[in-house]
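All ligand and atom numbering here is 1-based and tracks the order in the structure.
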Amino acid sequence: MDKIMALIDSRDPDQDEFKQAVREVLSSVQPVLERNPHYRQAAILERMIEPERVIIFRVPWEDDTGQVRVNRGFRVEMNSALGPYKGGLRFHPSVNLGIMKFLAFEQVFKNSLTTLAMGGGKGGSDFNPKGKSDNEVMRFCQSFMMELQRHIGPDTDIPAGDIGVGAREIGYLFGMYKRLRNEFTGVLTGKSLSWGGSLVRPEATGYGNVYFASEMLATRGDSLAGKDCLISGSGNVAQYTAEKIIQLGGRVLTMSDSSGYVFDEEGISQEKLESVKELKNTRRGRIREYAEAWPGVVYTAVDTFKEYNPLWNHKAHCAMPCATQNEINARDAANLIANGVFLISEGANMPASPEAIDLFIDNKLLYAPGKAANAGGVAVSGLEMAQNSMRLKWPRDEVEGRLRHIMREIHRTCLEAAAAYGMAGNYMAGANIAAFVKTADAMLDQGVV
Ligand code: NDP
Ligand code: 2IT
């Protein structure tokens, strides 16, 4: 482990998030490496931490005043042992190569857990869609795709959405790909329903997250009914995490954005959630407006990078972080535990710091890492690819049934792998071990490539 971390430090010393993601996996797979020395001989770890290909490109575009602007575009094609590269695109000002590599690395393991044939990749740009007009977003997406189209394809690399990339962006990206390549294929997922999208893809990450949480509760003979839940974020993953919790009889107390959070003691009902969807997806407003619209709701402004986040300091049973990486630090984790939270299910990628995770595991919480709990999104992306290849569309029940089944399988796989290595109940270790072994064995089968 020290050797691998030193290798990364010598080559990419400033990629903190990537190092964090790698360190977490390495800490879990140590016993696997001890039992399987042939992985070392084949330099499996050294190969896993080195992307198969990294593409970095200039994205020039013109804003509404006629001013030309320049952003940086990325696609990290991390590992194709299990299938074509698959993973989302993130448009956010914080995007850099280290963030892209952490997300691509996580994606390899997550995709391996889905039971479907997908390798891992991730891409995006430091472009900030906030405050941009639809036309500016369109011109940016078209310029981005002008370059990206050379590197992707329905059997090569299939991007999708992530932070800042939703149905609108996927539409503009798909339109430009189609025009440039003169082909109508499943090169992107998260497409709209009438032109190749799958039912349940918008809901999939959030619903899957809650299915995973329900599976964890079921191991203790419990369910989400009557549980108080803290959710961060108010985007795609947060909205459908909230929706499924409400359907299952739980109570959602909080939602947030990068400016602050709302606390609704009464609980966010389906009607109120519809207003959040309208606010965030159509009007692209701020969550503060939710507190102005509904009586009895308290809004608190939050500086994300302060010492702790008050959102995680309320009495509750469950917490579902659905915003971004490292949004729960050690102090937040201690607050959660002190407030009676005993289940954490990660809708976001790597939302908890290593110290926070240690606290969850040491205190025997039901803790589901993102690569297991939020795998439902990419899993239904895989089902969208399957439907596109068949030129067929499955009904809602078919897709939702498959999603449920996949989440149950991931849960079972995590528990079995953890138990096999003497770490019963440790979902993080189980997810990392099961995903690592499957990917590593495929790499061995395919030789030194
Ligand atoms: P959205 O863009 O739809 O929503 C993101 C939400 O998180 C917004 O409320 C946003 O607030 C908030 N947020 C983003 N960055 C920050 C930040 N730096 N600090 C505080 N809040 C922030 O993205 P998604 O819902 O799609 O993604 C949320 C998380 O889920 C990400 O970690 C993503 O990688 C992960 N994920 C997404 C999947 C998907 O299918 N979409 C699948 C699996 C994981 P604001 O509006 O103010 O920016
Ligand atoms: O992090 C993720 O799994 C996603 N953003 C979804 C990726 C996908 O290809 O659907």
Side-chain angles (χ1 to χ4, degrees), residues 17 84-95 99-100 102-111 113-114 116 118-124 128-131 157-170 186 188-191 198 200-209 231-242 255-262 276-277 279-281 284-288 290 302-306 309 311 320-328 346-352 369-385:
E17 291 85 0
Y85 310 107
K86 178 83 193 93
L89 296 172
R90 176 177 292 191
F91 291 169
H92 192 273
S94 63
V95 162
I99 301 252
M100 292 285 98
F102 121 62
L103 289 163
F105 185 78
E106 288 281 295
Q107 200 78 46
V108 171
F109 295 87
K110 181 194 306 193
N111 293 5
L113 291 171
T114 62
L116 304 173
M118 297 183 289
K122 200 87 184 191
N128 185 0
K130 234 174 267 169
D157 184 353
I158 306 92
D162 193 79
I163 291 177
V165 178
R168 172 181 64 169
E169 290 73 18
I170 294 293
L188 292 157
T189 60
K191 299 184 290 301
S198 174
V200 196
R201 176 62 189 90
E203 299 89 335
T205 310
Y207 280 17
N209 182 24
I231 292 182
S232 63
S234 51
N236 173 269
V237 180
Q239 290 169 18
Y240 290 103
T241 294
M255 289 185 92
S256 71
D257 61 23
S258 54
S259 309
Y261 79 100
V262 289
V276 174
K277 289 183 191 170
L279 171 67
K280 283 289 167 182
N281 310 349
R284 300 181 191 277
R286 309 304 298 158
I287 199 71
R288 172 178 34 79
Y290 176 94
V302 174
D303 176 348
T304 331
F305 301 103
K306 275 260 160 61
N309 184 344
L311 187 157
M320 278 81 167
C322 299
T324 193
Q325 62 275 1
N326 289 323
E327 53 171 319
I328 299 182
E346 296 183 342
N349 286 309
M350 207 168 76
K371 60 172 77 72
N374 72 37
V378 73
V380 175
S381 278
L383 301 181
E384 182 172 327
M385 289 161 66

**Message:** Could you work out, with salt bridge (charged side-chain N to carboxylate O under 4.0 Å, His left out) as the rule, every residue matching Lys130, not counting sequence neighbours?
**Reply:** none
**Item:** Contacts of Lys371 that satisfy salt bridge (charged side-chain N to carboxylate O under 4.0 Å, His left out) - sequence neighbours left out
**Value:** Glu24, Glu106
**Request:** Could you tell me whether Gly164 and ligand 1 have an N or O pair separated by under 3.5 Å?
**Result:** yes
**Prompt:** Relative to the heavy atoms of Cys322, which atoms of ligand 1 are at a distance of less than 4.0 Å?
**Reply:** 28 (C), 29 (C)
**Request:** Output yes when the distance from some N or O of ligand 1 to some N or O of Lys130 is under 3.5 Å, and no in every other case.
**Result:** yes
**Asked** Listed by chain and number, what are the salt bridge (charged side-chain N to carboxylate O under 4.0 Å, His left out) partners of Lys280, not counting sequence neighbours?
**Response** Asp257
**Request:** Report the member of Ser256, Gly377, Gly347, Pro321 with the shortest heavy-atom distance to atom 44 (C) of ligand 1.
**Result:** Gly347
**Complete:** Note: heavy atom closest to atom 32 (O) of ligand 1, options Asn326, Asn349, Thr205, belongs to Asn349
**Prompt:** With a 4.0 Å cut-off on heavy atoms, does Lys371 reach ligand 1?
**Reply:** no
**Asked** Taking non-hydrogen atoms only, is Arg286 closer than 4.0 angstrom to ligand 1 via side chain, backbone, both or neither?
**Response** side chain
**Backbone or side-chain N or O of Val237 under 3.5 Å from ligand 1 N or O** = yes
**Complete:** Distance filter under 4.0 Å, heavy atoms only, around ligand 2 gives Lys86, Gly87, Gly88, Gln107, Lys110, Lys122, Ala160, Gly161, Asp162, Arg201, Asn349, Gly377, Val378, Ser381
**Message:** I'd like to check whether Lys110 has a polar contact with ligand 1, where a contact means an N/O of the residue lying under 3.5 Å from an N/O of the ligand.
**Reply:** no
**Message:** With a cutoff of 4.0 Å, is Met255 in contact with ligand 1, counting heavy atoms of the residue only?
**Reply:** no
**Message:** Give the atom numbers and elements of ligand 1 that come within less than 4.0 Å of a heavy atom of Ala348.
**Reply:** 29 (C), 30 (O), 32 (O), 35 (C)
**Prompt:** Side chain, backbone, both or neither: which part of Arg201 has a heavy atom under 4.0 Å from ligand 1?
**Reply:** side chain
**Asked** Got an N/O contact under 3.5 Å between Asn236 and ligand 1?
**Response** yes
**N/O separation below 3.5 Å, Asn374 to ligand 1** = no
**Item:** Any N or O of Ser259 closer than 3.5 Å to N or O of ligand 1
**Value:** no
**Request:** Answer side chain, backbone, both or neither: which part of Glu327 comes under 4.0 Å from ligand 1, heavy atoms only.
**Result:** neither
